[in-house]
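Some notes on the structure that comes next.
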Amino acid sequence: MLYHHDYELDTTRRDAPIRITARGRAVLANPMTNRATAFTVQERRYLGLVGLMPSGVTGLGNQVRRVYAQYQSAKTPFAKHNYLANLRDRNEILFYRLLADHIEEMMPIIYTPTIGEVIERFSLEYNRSRGVFLSIDRPEDVEQSLLDYGLARDDVDLIVFTDSEGILGIGDQGIGGIEIAIGKLSVYTAAAGLHPRRVIPVVIDVGTDNLGLLNSDLYLGERHARVRGERYDAFLDHVVQTASRLFPTAMLHWEDFGADNAHRLLEKYRHTHCTFNDDIQGTAAVALAAVLAGVNVTGMPLADHRIVIYGGGTAGIGIADLLRDTLIREGVSPEAAQAQFYVMGSKGLFVDDMSSLREFQVPYARTRDEVAGWERVSGGLVGMLGANGANGNGHAGNGNGANGTGANGIPNGVGVGAGAGAGAGAGNGNGTGRGGITLADVVHNVRPTILIGTSTAGGAFTKAIVTEMARYCERPIIMPLSNPTSRAEALPSDLVEWTEGRALIATGSPFEPVDHREVRHVIAQANNALIFPGLGLGVAACQATRVTDGMIAAAAEALAALVNTYRPGASLLPRISELRPVSAHVALAVAAAAAEEGVARRPLTDPVSDIYTRMWQPEYPPVEII
């Protein structure tokens, strides 16, 4: 039971009444008790609202029509986001009903990509606090800060933490990262029905290396460089231990931590606390689901596929790890499973004598002896790559073959250089440094059947590479997962054309269907929202003590099972508009896996009913006036 000075509410039941203690304008000021013109005449009398609003009584459906029209009148994505944020602060149920009714349209507004601009402008646009701000300079305030959010020990299902270092490809954004946590939790609620009063968004303020923020008079975070090392680790540990003690049934969700910390923190806590990293595990799970769906179409067992991961950063290695573990569960030896992967980074194919490899990347390095005899195609395929430079998405061929002209940049993927003959066109430097083994080299020698891009290098999967792949592979699985669209490794329309409609495609950004030779190809969007809301719901329903690899795999397998891939051109994944039923199916699988692995405090006794009753609906509950 949630006790607030304005109301009481059982947040574990979808049909629970709200018992309102407030009167008059206090009722309208609280976003959980306010239903504005939807209050009946009788309710208005009992609650002291007579004359405080127009006399007409309007149901939730008509309220949604009104606010949707107001939303549409906003001219820019940023303005639309601000409108929705203000609506949430006025009437939370109406906000979530609007969002649920238009989830596919509004997802890019409340979350990526619009949330990036919201984060960048947080201190400038600051209006109202929503969330918890934990400062490394005041560790003694961590417990009080979490308690002051107003939730009791058993009232929290989920806490989303960010330290804002790796925000959506725009890097360190300091205290503004609180908005990524708020946006993530909005999706959890809209998609899976986690009650908005059972979650907490938290930003861990350890300073920032963003000089623009530090030099702004309006910046609201700690004004010093980002703290790292032992002091950072000690503070993070203090936060984790305190949160887990105060809210022992809550899942701790890590969001947009920097690459150096994301894997390390996940590995440190995953075996002792109920933690989940969406950038690593969520991305991996939705990618695995798309791969499994594609594999079903090919008719070739996953164990027979050769897999190239182009962009071996946090997301890419997370995908590789989950695919490898899936192969092992299917009976492939660990050594043979590892050998199916070829992972590439900013200096080309990972090779064991590279000093730049991070610890989590090392297991995927090939031996130098293995690649020594490879045929290099720098004068062939790579030479052709440079021709794409003029459109801003090409490789830096420029007659230099494998060496490109400037592979020095992107942490998760490949460098950026000028495309051949196109001074203004930012092309992918695919040469990745003198002597690096390029994507063209890998495709030529490995003959991969699955190509996954997490590099943020727009246009990296060029016509030359894709047609080479399609030459020997009847149904190549190609997944340009980087977003936004400008950073996608290839466009679906090109992939369909270059493979004569044979490619099985999933993308990170949403794309319209592609028509080719009388077949409409529906492009799957590998959006993490297909996984993480259902995972969180499943964990909450069974009160799991851990998020295991088996639970992640179960989520992916449940998602893959929801699509019919045998219709020509069918999507490999469900649509975002289907998030509510998708999340319910994923939650069932996650809870079952948790019980099987012995990490469920409360195994589900009537799974469908248990999940259904935990899914909060954005509808006005019955009012009890006390």
Side-chain angles (χ1 to χ4, degrees), residues 74 76-89 95 99 106-136 159-190 199-226 253-259 261-262 277-279 282-283 314-315 410-412 456 482-487 508-509 527-529 532:
T76 66
F78 182 78
K80 291 179 185 294
H81 180 279
N82 279 353
Y83 175 80
L84 292 175
N86 290 331
L87 176 61
R88 179 173 51 204
D89 289 339
F95 163 77
L99 181 57
M106 294 182 179
M107 180 80 77
I109 302 299
I110 64 161
Y111 196 53
T112 58
T114 306
I115 198 71
E117 184 179 1
V118 174
I119 291 167
E120 288 180 311
R121 298 174 61 172
F122 174 78
S123 291
L124 176 64
E125 302 285 341
Y126 181 78
N127 183 19
R128 177 176 178 176
S129 292
R130 192 180 191 93
V132 176
F133 301 80
L134 303 180
S135 170
I136 196 170
I159 306 174
V160 173
F161 291 103
T162 184
D163 74 349
S164 311
E165 185 176 11
I167 298 290
L168 300 173
I170 59 176
D172 185 345
Q173 294 299 317
I175 205 170
I178 189 66
E179 292 288 354
I180 199 74
I182 293 169
K184 204 80 175 188
L185 288 172
S186 294
V187 180
Y188 268 111
T189 296
V199 299
I200 306 177
V202 178
V203 64
I204 300 171
D205 188 359
V206 296
T208 178
D209 289 341
N210 186 322
L211 289 174
L213 295 177
L214 290 176
N215 284 286
S216 169
D217 293 339
L218 297 179
Y219 181 59
L220 293 169
E222 298 293 354
R223 290 180 175 274
H224 55 69
R226 182 171 286 272
H253 174 132
W254 307 100
E255 183 71 20
D256 282 353
F257 282 72
N261 289 321
N277 186 306
D278 187 48
D279 302 309
T283 299
T314 296
I410 301 172
N412 269 354
T456 69
S482 295
N483 52 47
T485 303
S486 61
R487 296 193 174 187
S509 299
N527 192 314
N528 292 16
F532 71 79

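Computed from a prediction, not measured in an experiment: that's the story for all the values here.
Contact record, Leu185 with Val199: CD2-CB, 3.7 Å, taken as the closest heavy-atom pair. Here the closest heavy-atom approach between residue Leu99 and residue Ala190 is recorded as CD2-CB, 3.5 Å. Across Ala262 and Thr314, no two heavy atoms sit closer than the pair CB-CG2, 4.2 Å. Annotation for Gly174 and Ser164: closest pair O-OG, 2.6 Å, computed over non-hydrogen atoms. Contact detail for Ala315 and Thr283: the closest heavy-atom pair is CB-CG2, 4.0 Å. Taking both residues in full, the closest heavy atoms of Ser482 and Ser509 are given as O-OG, 4.1 Å, listed atom of the first, atom of the second, then distance.
Counting heavy atoms from C-beta outward, Tyr126 and Leu220 have side chains that approach closer than 4.5 Å. The closest side-chain heavy-atom distance from Leu213 to Phe122 is not below 4.5 Å. By the 4.5 Å heavy-atom criterion applied to side chains, Val132 and Ile200 are counted as neighbours. Residues Pro77 and Glu117 fail the side-chain proximity criterion, which asks for heavy atoms closer than 4.5 Å. Using a 4.5 Å cut-off on side-chain heavy atoms (C-beta onward), Tyr219 and Ile175 make contact. In this structure, the side chains of Asn127 and Asn86 come closer than 4.5 Å at one or more pairs of heavy atoms. Between Ile180 and Ile119 the shortest side-chain heavy-atom distance falls below 4.5 Å. Looking at heavy atoms from C-beta onward, Glu255 lies in side-chain contact with Asp279 at the 4.5 angstrom threshold.
Taken from CG in Leu214 to CD in Glu222, the straight-line distance is 11.0 Å, to the nearest 0.5 Å. Atom OH of residue Tyr111 and atom CG of residue Asn528 lie 7.0 Å apart, to the nearest 0.5 angstrom. Rounding to the nearest 0.5 Å places OG1 of Thr112 at 9.0 Å from CD1 of Ile115. With rounding to the nearest 0.5 angstrom, the CD atom of Glu165 is 9.0 Å from the OG1 atom of Thr208. Taking CD1 of Ile204 as the reference point, atom CH2 of Trp254 lies at 6.0 Å (rounded to 0.5 Å). Considering NZ of Lys184 and CZ of Phe532, their distance stands at 4.0 Å, rounded to 0.5 Å.
Listed by chain and residue number, nothing satisfies the salt bridge (charged side-chain N to carboxylate O under 4.0 Å, His left out) test with Glu120 (two or more places apart in sequence, or in another chain). Applying the salt bridge (charged side-chain N to carboxylate O under 4.0 Å, His left out) criterion to Asp172, with sequence neighbours excluded, gives Arg226.
Of the possible donor and acceptor atoms, none in the side chain of Thr456 sits under 3.5 Å from a partner among the backbone N and O of Arg487. A donor-acceptor pair under 3.5 Å links the side-chain atoms of Asp205 to the main chain of Gly207, judged by distance alone. Not a single donor-acceptor pair under 3.5 Å links the side chain of Thr114 to the backbone N or O of Ile110. Distance alone, capped at 3.5 Å, places no donor-acceptor pair between the Ser216 side chain and the Gly212 backbone.
Residue pairs meeting the salt bridge (charged side-chain N to carboxylate O under 4.0 Å, His left out) criterion with at least one member in residues 123-132, sequence neighbours excluded, are Asp89-Arg130, Glu92-Arg130, Arg121-Glu125.
Each of Thr162, Asp278, Val160 was evaluated against Asp256; a single residue qualifies, Thr162, per the side-chain contact (heavy atoms from CB on, under 4.5 Å) test.
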